[in-house]
Amino acid sequence: MAIKTIRLKKGKDESLRRFHPWVFSGAIANLPDAIEEGDLVVVESHEREVIGVGHYQIGSIAVRILEFGADALPDNFFQSRLNAAYEMRRGLGLIRQDNDCFRLVHGEGDFLPGLVVDVYGKTAVVQAHSPGMHFCRQEIADALLNIPEAGIVNIYYKSETTLPFKAQLDPVNEYIVGGFDTNVATENGLKFNIDWLRGQKTGFFVDQRDNRSLLQHYAKDRNVLNMFCYTGGFSVYAMRGGAKMVDSVDSSAKAITLTDENIALNFPGDTRHRSFAIDAFKYLADMKDGEYDLIILDPPAFAKHRNALKNGLLGYRKLNAKAFDKIRSGGILFTFSCSQVVTREMFRLAVFSAAAQSGRRVRILHQLTQPADHPINIYHPEGEYLKGLVLYVE
Ligand code: SAH
């Protein structure tokens, strides 16, 4: 079947010339007949120069370019991209015996828009965010098994909630290779029970690895509150860092069970840890002044879309204001936003407003982001989603 061609309106090739990998629907001059979601298409400028080849879908982002300057994908496309992604992480020292969980593919950051792959030991969890990647899942799985030295033997496909529902692809979450294996993975020498079957996203937030390490360095002798703890990642690192006590809070009872399991896995019988299944705002309102001198706020994305931006920013301001009100003098606040639409500046402004409201003396110690296995394609700044501030509060 001949590959279909999409021609752009005049001048609408500008951002693509700068390697931004998205074609917005408004830039398209004409869609070929019988085009279907997930089709591989060639994108041409108005002057009929080939710009690249990518996956088509219905929506505001109409094409995600996989390869620039070509009118077809090479035969070994997925294998070579996946090998390169693995090799980069190996070369950066991210894949070690004491660190066998990492993000192998971070969409545009690995020149594979629409695809996310997280590796937990011998299991890879694959998430398609585009119909094109959904249709390529078997090819992707085959290539994952063939990455030299990666040792992947199970592949769990988990795209029920990540594919555009209008595409009516009805993806099923299932093993497409192998089956259930041990689900204990190691991050910087700490053990985590990872529930990719029922957990959020791919089961674990590998993106906080470096930030958890940093937290460990500040945890000694502190009273720690890990708010929105999910699997208890920050709590486990705080325990290793010598915290006096650690309280983990999440509104989900399932998350609290996971946290308790992970604490027990690393620090069996250690009485420094307590956990609470309760709403964050309720907990913050009820807690005593000065109870904690190290607080982590890592909430879910408050603004998932541009039209939720205003409320999202208000949410960050309110949440942080509570922490500024209650944290002990000399305390350290780790505060995050994982909303893609909230820029670094917007987040800083929301936290600044919250600080000003409290009237306390606040200084920025660190400005945090996502780790090296979540690289940001420089031509695709939207790939930067995790923002964090470490603040010293007096
Ligand atoms: N800090 C975690 C990731 C947090 S994900 C890590 O390092 O892995 C966000 C978590 O916030 C989820 O576990 C979700 O259950 C929890 N959550 C969402 N709304 C909440 C609320 N209102 N109060 C408390 N927890 C909430």
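Quick caveat: nothing in here was measured; it's all calculated off a predicted structure.
Heavy-atom contacts from other residues, nucleotides or ligands closer than 6.0 Å to CG of D75 number 12 or fewer. Heavy atoms from other residues, nucleotides or ligands lying under 6.0 Å from NE2 of H46 number more than 12. No more than 12 heavy atoms of other residues, nucleotides or ligands sit less than 6.0 Å from atom NZ of K322. Sparse packing is recorded around CD of E14, with 12 or fewer heavy atoms of other residues, nucleotides or ligands lying under 6.0 Å away.
Applying the salt bridge (charged side-chain N to carboxylate O under 4.0 Å, His left out) rule to D250 yields no partners; only residues at least two apart in sequence or on another chain are considered. For D270, the salt bridge (charged side-chain N to carboxylate O under 4.0 Å, His left out) partners are R272, not counting sequence neighbours. E36 pairs by the salt bridge (charged side-chain N to carboxylate O under 4.0 Å, His left out) definition with nothing, not counting sequence neighbours. Qualifying side-chain contact (heavy atoms from CB on, under 4.5 Å) partners for T271, counting only residues two or more places apart in sequence or in other chains: none. Listed by chain and residue number, I278, D279, D286 satisfy the side-chain contact (heavy atoms from CB on, under 4.5 Å) test with K282 (two or more places apart in sequence, or in another chain). For D33, the salt bridge (charged side-chain N to carboxylate O under 4.0 Å, His left out) test picks out no residue, with sequence neighbours left out.
Defined by atom type and a distance below 3.5 Å, a donor-acceptor pair is present between the side-chain atoms of N188 and S213. Residues R348 and Q367 bring a donor and an acceptor atom of their side chains to less than 3.5 Å of each other. Under the 3.5 Å distance criterion, with hydrogens and angles disregarded, no donor-acceptor pair is assigned to the side chains of D247 and N226. Judged by distance alone, the side chains of E87 and N83 never bring a donor and an acceptor atom under 3.5 Å apart. Side-chain contact check for S248 and S235: at least one donor-acceptor pair (N or O, by modelled atom type) lies under 3.5 Å. If you check the side chains of E291 and N223, you find no donor sitting under 3.5 Å from an acceptor.
Applying the ring pair (Phe, Tyr, Trp, His ring centres under 6.0 Å) definition to pairs two or more places apart or across chains, those involving residues 278-299 are F276-Y283. For the side-chain hydrogen bond (donor to acceptor under 3.5 Å, both in side chains) condition, the pairs that include at least one residue of residues 54-63, sequence neighbours left out, are Q57-R64. Pairs of residues two or more places apart, or lying in two chains, that qualify as ring pair (Phe, Tyr, Trp, His ring centres under 6.0 Å) and include a residue from residues 308-330 are F302-Y316, Y316-F347. Sorted by first then second residue, the ring pair (Phe, Tyr, Trp, His ring centres under 6.0 Å) pairs that include residues 104-125, not counting sequence neighbours, are H106-H374, H106-Y385, Y120-W196.
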Inset, instruction - Decide yes or no on side-chain hydrogen bond (donor to acceptor under 3.5 Å, both in side chains) for Q208 and N211, but give the supporting numbers first. - result: CA-CA 5 Å; Q208 289 286 24; N211 303 331; 2.7 Å; yes

Legend entry - side-chain contact (heavy atoms from CB on, under 4.5 Å) between L40 and L73, intermediate numbers included: CA-CA 9 Å; L40 195 66; L73 289 183; 3.9 Å; yes

Inset, instruction - Begin with the C-alpha distance, continue with both residues' side-chain angles, and end with the deciding distance and a verdict on side-chain contact (heavy atoms from CB on, under 4.5 Å) for V42 and V50. - result: CA-CA 7 Å; V42 176; V50 169; 4.3 Å; yes

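There is no path of hydrophobic side-chain contacts, each under 4.5 Å, that joins I296 to L389. Side-chain heavy atoms closer than 4.5 Å link hydrophobic residues (I, L, V, M, F, W, Y) into clusters, and following such links, possibly through other members, connects L386 to L214. With hydrophobic clusters built from ILVMFWY side chains whose heavy atoms lie under 4.5 angstrom apart, L112 does not share a cluster with I61.
Ion pairing between a basic and an acidic side chain is recognised when a charged N comes within 4.0 Å of a carboxylate O; D195 and R198 show such pairing. Ion pairing between E47 and K10 holds under the 4.0 Å rule for side-chain N and carboxylate O. E187 has no carboxylate O lying under 4.0 Å from a charged side-chain N of R96, or vice versa, which leaves the two without a salt bridge. D289 has no carboxylate O lying under 4.0 Å from a charged side-chain N of R328, or vice versa, which leaves the two without a salt bridge. The residues D110 and R81 are annotated as not salt-bridged, no charged nitrogen and carboxylate oxygen being separated by less than 4.0 angstrom. A salt bridge links D118 with R103; the closest basic N to acidic carboxylate O contact falls under 4.0 Å.
For the residue pair E384 and K387, the shortest heavy atom distance occurs at O-NZ, 4.2 Å. Pairing each heavy atom of V224 with each of A243, the nearest pair is CG2-CB, 3.8 Å. Across A303 and G312, no two heavy atoms sit closer than the pair CB-CA, 4.1 Å. Taking both residues in full, the closest heavy atoms of N99 and L94 are given as ND2-O, 2.9 Å, listed atom of the first, atom of the second, then distance.
With respect to K191, the side chain to side chain donor-acceptor pair (under 3.5 Å) criterion is satisfied by exactly one of N266, T186, N262: T186.
By the 6.0 Å and 45° rule, R240 stacks over the aromatic ring of Y237.
Ring geometry, Y218 versus H366: the interplanar angle falls from 30° to 60°, so the pair is classed tilted.
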Less than 3.5 Å apart, which donor and acceptor atoms pair up between the side chains of residues 137-154 and the rest of the protein, not counting sequence neighbours?
unit_1: R137; atom_1: NH1; unit_2: H134; atom_2: O; d: 2.7
unit_1: R137; atom_1: NH1; unit_2: H134; atom_2: NE2; d: 3.4
unit_1: N146; atom_1: ND2; unit_2: D142; atom_2: O; d: 3.2
unit_1: N154; atom_1: OD1; unit_2: G179; atom_2: N; d: 3.2
unit_1: N154; atom_1: ND2; unit_2: T123; atom_2: OG1; d: 3.2
unit_1: N154; atom_1: ND2; unit_2: D181; atom_2: OD2; d: 3.1

Pairs of donor and acceptor atoms involving the side chains of residues 17-29, under 3.5 Å and at least two apart or interchain, shall be tabulated with distances.
unit_1: R17; atom_1: NE; unit_2: D13; atom_2: OD2; d: 3.0
unit_1: R17; atom_1: NH2; unit_2: D13; atom_2: OD2; d: 2.9
unit_1: R17; atom_1: NH2; unit_2: E49; atom_2: OE1; d: 3.2
unit_1: H20; atom_1: ND1; unit_2: W22; atom_2: N; d: 3.3
unit_1: H20; atom_1: NE2; unit_2: E382; atom_2: OE1; d: 3.1
unit_1: H20; atom_1: NE2; unit_2: E382; atom_2: OE2; d: 2.9
unit_1: W22; atom_1: NE1; unit_2: E108; atom_2: OE2; d: 2.8

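At distances below 3.5 Å, at least one donor-acceptor pair connects side-chain atoms of R89 with backbone N or O atoms of A85.
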